[in-house]
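We name chains A, B, ... by the order of the sequence lines, and we start the count at 1 in each one.
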Amino acid sequence: MDSRRGSRFVIDPKIRQVGFVPAGCESENPNASSAVAAIANVDVNPTSDSPSPVMIPPRLADPLPRAAPLPVPSPPPRKHTSVEIPLQGSYNPTDSVLGTSPPFSPASNGRYAGVPSSEGPDLSPSFVSRASSAMEGMSLREDHLGSPSASRFATVGEYAMFKQQQPQQPATAVTKVYASSLPQEPVQSFAPVGKEDSSKPLKERTTKAERRAKQEADREAKRIAKESAGAKVVEGEARASSNVVGKASRAQSQKKDSASEKRLSAVEKASEKEKKKEIPAPRMQFDDQSRVAKAKKRALIEQTETKHRVELFRHLPQFVYGAQLPSLEAKFFHDDAMHPHPAVYQVGLQYLTGDITGGNARCIAMLSAFKELIKDYCTPRERTLIRDLTARVNNNVSFLTTCRPLCISMGNAIRFLKTRIAKLQLTLSESDAKSLIIAEIDRFMQEKINYADNEITKLAVTKIKDGDVILTYGSSCVVETIILHAFSLGKKFRVVIVDSRPKLEGKGLLRRLLGRGISCTYSHINAVTYIIQEVNKVFLGASSILSNGTVYSRVGSASVAMVANAFHVPVMICCETYKFHERVQLDSICFNELGDPDALVKIPGRKGLSELEGWSQSSHLKLLNLMYDVMPADYVSMIITELGMVPPTSVPVILREYRKDPILENFATFGKDSNPIKFFRASLEYYRAC
Amino acid sequence: MVAPTLDAQAAVNDFIYKLKRRQVEGSLVTARLTAVLLRQVISQQRLASSAPAATLIETVKSVGLRIIAANPIELTVGNVVRRVLHIIREEEASLELKSLADVNNTILSDDEESEDASSFSAAVVAAANRNVLRAPSLHNLLESLPSSVTATCNASSGGESECKSKSGEKNSKVWRLKHSVIEGINELLQEIDSYHAQVAEQALQHIHHNEVIMTCGRSHAVLQFLLEAKKKRTFEVFVAEGAPRYQGQTLAKELADANLQTTLIADAAVFALISRVNMVVVGAHAVMADGGVMVPVGLHMIALAARRHTIPFVVLAGLHKLCPQYPQNPYIFMNDMKSPSDIIDFSDISDCLDGGIGSPSLQTVNPTFDFVPPDLVSLLITDIGGHTPSYVYRIVAEYYSAEDFVLR
């Protein structure tokens, strides 16, 4: 109990450090007001499905351990923004009351065509522009990074295509909530969430809204001549968004005066950029027949789906294990632009066979392979490096995905790589660009993985005291380094390794620890309630930590944490911040990975038992080999990251503060020789001072 | 000290060896064998005509203590011994009641009415009745106060009646006692045998259509329970493997063969899936007097996960698994540590352990049982119906005599 109390004491200052803006100083300086704007942005943006980096408002003293899955906007902040933000364009406050003022509402709605809830966006560009002017460093950078890519695409549509046709997350639930709340909400304002993204699912699902949109579009066409310039801003968006009113609005957009267009594109592309960054990596739902068929056409490898699939997990891919290999072999010598780079190919095979496991190892292997890819890359004629390389990377990533679904940390790394590529200056020569990207990848590996692990080890070792009994589950490389480091410091402690079928990863850890001369206790997961009674600290690794504080890690970790929690043993999660993700998840079913079910059949070290041989003959028997599970935030005593030891409620804070990486940007100019962690801390101090 | 006959002695020794070598395992088999053994001991025991019941009790106790000591983890042995002792005490009481009734009849026929005698006899009849019927009611609890008073009269009046009776009658009485005790043990055996069916009968009350049920390892009672429900309902079962014995695989196969939609999962995936489960049904190793249950290892984790998601945790247990003891550190004293080879092969790690001084040591922990405290158990389904854990003490009081709770 003492240790737990002690750890909280340590944690507290860190929370403050991570960046709760002290109340009362908002109005004084630009930075603070940008923070306010950021809050407002969240509140104002209920349709954006992505839990944006700003997940919890900073001033919320006790953030809920499980963040609500739907960020339903609360009225007061919205009012606040509506008052604060100077109205632009054709926005008319009376428009806002939908239905009460019929003369106005069609016009305002018509501008929106596909989107039933209409009033917001004409307010939001102004809002965003204001916000961007307020947020100096960041949004300037934002613009800067938005412009090169923006200028390359004539239309938003093309830009969207450039975004690899990523299936956007359907905005169903959220939009429904939003639509139903319309009549009560006088001012519905939300930031322009990439129109073509949000409108598509809407068209499919809310037919009523669609009809209304169509009707209003017709009316819109009639009164089009009268419309002011500001209205056209929105029409431009509508054009991009909806096919229903496509013709009308396209005709409209021809007349657009150049000034408004420029402003539109700047604002829109900035927001596009932001949106793109914030959206979590799209997930393929494997119960969607058409999507699966499409993906199969594109796929490089032929995979046969298993027949015996557990009903609950139909949305997750499960292929016959090892069936991919022959087709992989057959296609190895194909010379195709779609073909993955040999280094990527090798890594993919290693994923497939399970030679590389563990989040960090997989991530490093992937990034190294991409480095090779970039080294060998040369831009084809009549192509630009940025676009072609991005497409190339996408092909390779999809290859890796077919080998084994990417883990969240890898998704983050890929996102990082892509933004770096997209941000390249057009003027750079090819060799310069390549070396720049390679340097960026190196820096990512150094800074986010190696430095981070060192820092986590340093922090976690302070939690190990003489006489401790430490429990760990499975095999986490960070926990292993922590144990080895603590042992090398001469601390006297015992290690309990809990393991589980079918992977038995703990055995490897046990061997390595025994090889280093550390005495261990080994057990299986069912005995954890027995062994936990002698344990006084639990250290676990994680595959990812999600924005609501849940820990996504190797299957069984949640059970161990639950038992530890029941016996009042503190649970410490060791995880680098690059594994944090904005996604939220409540259960282990919606998103997971299915392993090879046949792995469950054989019991190592037992000859007689083979009840399940030929299990696939039985139509009633199914085997389920889950790979990950989700640990609720309330089982976690603290999370040890390279930025300090934080409670799980601080995860969204870290995401908010570090995902926008202005600091990283500065770091590039700050000098490579200095310790980035120190620099992070210094910049944190700076934030606090503001 | 009354020693059993030679034949019985041999049987007892044989059973003790089997228990010690863990050749007899599983509470059902053990309970059956114990009851059969005690029946043999009793039937072969020569009984003195004076106080035959006391002799029987003495013999059963001495045998019972030895077989309990052979495998103290197998709590059913002790339970069956106590049940048999209880049967003997009951039969003794009912016989005495009968003889008393005879005495009363003779008294009434002689027309020698004395106030004292009639009042005494009435009290004795009531006490005997209570002993025999043992209906659990508040009335009986309140009435148990004068039992000590009546017990003394009981003895004196019994002695009086014995003085009157002839030697032939004595023999017949001993025979009758023995006979009825063996009858009682046969009933007990029948109860043990029919327990699965009795529990399974209640399945339809608890399982509805489209339900998802989770279980762990293999328990015959659970299998019967699910198969019985399968006759009327369609539902789905998640079976956790139940390391280190992995009997869940067997159960999954059996259930699938019975056309029940079955999914086998690893033990680690229990927490991930329990949120989609409607009920956890498991078999118990023993039920303690406080309502907590000793279960195969791993079920405490499942019980905690079920509590987290407020999913009912249902334990199936026969009455022979009901222990009058309270759990005192059950993880240590009522647990069995199995061989490490179940969880790790020595050859896997032999190169790391050279056995020299200062080389690292490896401990392996492989317990057999978990203790699930009563607050995590939603329902106990026994062969006499479903009960909450808090009611278990009352069932214990019904099926065991308080004198036998601690065997000495």
Side-chain angles (χ1 to χ4, degrees), chain A residues 310-312 496 499-502 507 510-511 513-531 533 554-559 562-563 566 586-589 592 597 600-601 603-606 609 611-612 615 618-626 628-632, chain B residues 216 236 238 240-244 246 249-250 252-273 275-276 296-301 304-305 307-308 331 335 340-345 348-349 351-353 358-367 370-371:
Chain A
V310 181
E311 206 56 39
L312 269 177
V496 177
D499 209 350
S500 80
R501 288 230 314 142
K507 235 180 225 177
L510 177 73
R511 281 181 59 88
L513 291 188
L514 284 176
R516 297 293 284 268
I518 303 173
S519 299
C520 299
T521 305
Y522 182 80
S523 189
H524 56 86
I525 190 163
N526 276 351
V528 71
T529 42
Y530 178 91
I531 200 72
Q533 301 175 36
R554 175 66 67 218
V555 65
S557 308
S559 307
M562 173 190 66
V563 170
L586 288 174
D587 58 21
S588 319
I589 291 160
N592 211 317
L600 285 178
V601 174
I603 299 167
R606 200 167 304 190
L609 273 172
E611 267 91 1
L612 294 178
W615 63 276
S618 162
S619 59
H620 292 282
L621 184 59
K622 278 156 190 170
L623 266 58
L624 177 65
N625 182 8
L626 270 189
Y628 295 99
D629 67 8
V630 162
M631 182 193 307
Chain B
C216 176
E236 209 187 323
F238 283 123
E241 288 181 313
Y246 302 109
Q249 298 198 340
T250 319
K253 186 93 175 118
E254 284 165 343
L255 290 176
D257 288 345
N259 291 341
L260 201 57
Q261 202 56 249
T262 314
T263 307
L264 182 80
I265 58 171
D267 295 317
V270 159
F271 187 84
L273 287 173
S275 59
R276 297 298 182 272
V297 70
L299 280 172
H300 192 179
M301 195 171 75
L304 284 170
R307 162 53 49 90
R308 161 97 194 172
Y331 270 101
N335 218 337
S341 66
D342 283 350
I343 54 171
I344 192 163
D345 205 7
D348 286 357
I349 41 146
D351 56 323
C352 303
L353 303 165
S359 76
S361 69
L362 170 66
Q363 293 180 3
T364 49
V365 179
N366 187 10
D370 258 354
F371 175 72

Output, in order, the C-alpha distance, side-chain angles, deciding distance and verdict of side chain to side chain donor-acceptor pair (under 3.5 Å) for A:Asp499 and A:Tyr522.
CA-CA 8 Å; A:Asp499 209 350; A:Tyr522 182 80; 2.6 Å; yes
Among B:Asn366, B:Leu260, B:Asp345, B:Ile349, the residue with the most heavy-atom pairs under 4.5 Å to chain A is B:Leu260
Heavy-atom contact with chain B under 4.5 Å, split by part of [X]:
{"X": "A:Ser519", "answer": "both"}
{"X": "A:Leu510", "answer": "side chain"}
{"X": "A:Asn625", "answer": "neither"}
{"X": "A:Ser618", "answer": "side chain"}
{"X": "A:Gln533", "answer": "side chain"}

Just so I know, are the side chains of [X] and [Y] near enough to count as touching, which here means a heavy-atom distance under 4.5 Å?
{"X": "B:Lys253", "Y": "A:Trp615", "answer": "no"}
{"X": "B:Pro244", "Y": "B:Val297", "answer": "yes"}
{"X": "B:Asp257", "Y": "A:His620", "answer": "no"}
{"X": "B:Tyr246", "Y": "A:Arg501", "answer": "yes"}
{"X": "A:Ile589", "Y": "B:Leu273", "answer": "yes"}
{"X": "A:Thr521", "Y": "B:Thr364", "answer": "no"}

Partners meeting side chain to side chain donor-acceptor pair (under 3.5 Å) with B:Asn335 (sequence neighbours left out):
none
Can you tell me which portion of [X] sits under 4.5 Å from chain A's heavy atoms? Options are side chain, backbone, both or neither.
{"X": "B:Asp370", "result": "side chain"}
{"X": "B:Thr263", "result": "both"}
{"X": "B:Ile265", "result": "both"}
{"X": "B:Phe238", "result": "side chain"}
{"X": "B:Glu241", "result": "side chain"}

Go through B:Asp351 and A:Arg511 one step at a time and tell me if the salt bridge (charged side-chain N to carboxylate O under 4.0 Å, His left out) criterion holds.
CA-CA 9 Å; B:Asp351 56 323; A:Arg511 281 181 59 88; 2.7 Å; yes
With chain B as the partner, which of [options] has the greatest number of non-hydrogen pairs under 4.5 Å?
{"options": "A:Ala527, A:Cys520, A:Ala558, A:Ser523", "result": "A:Cys520"}
{"options": "A:Asp629, A:Leu626, A:Leu600, A:Ile518", "result": "A:Leu600"}
{"options": "A:Gly556, A:Pro502, A:Ser619, A:Gly515", "result": "A:Gly556"}
{"options": "A:Val563, A:Leu621, A:Val310", "result": "A:Leu621"}
{"options": "A:Ser557, A:Pro597, A:Ala566, A:Ser559", "result": "A:Ser559"}

Apply side-chain contact (heavy atoms from CB on, under 4.5 Å) to residues B:Gln249 and A:Val601 and explain how you reach the verdict.
CA-CA 8 Å; B:Gln249 298 198 340; A:Val601 174; 5.8 Å; no
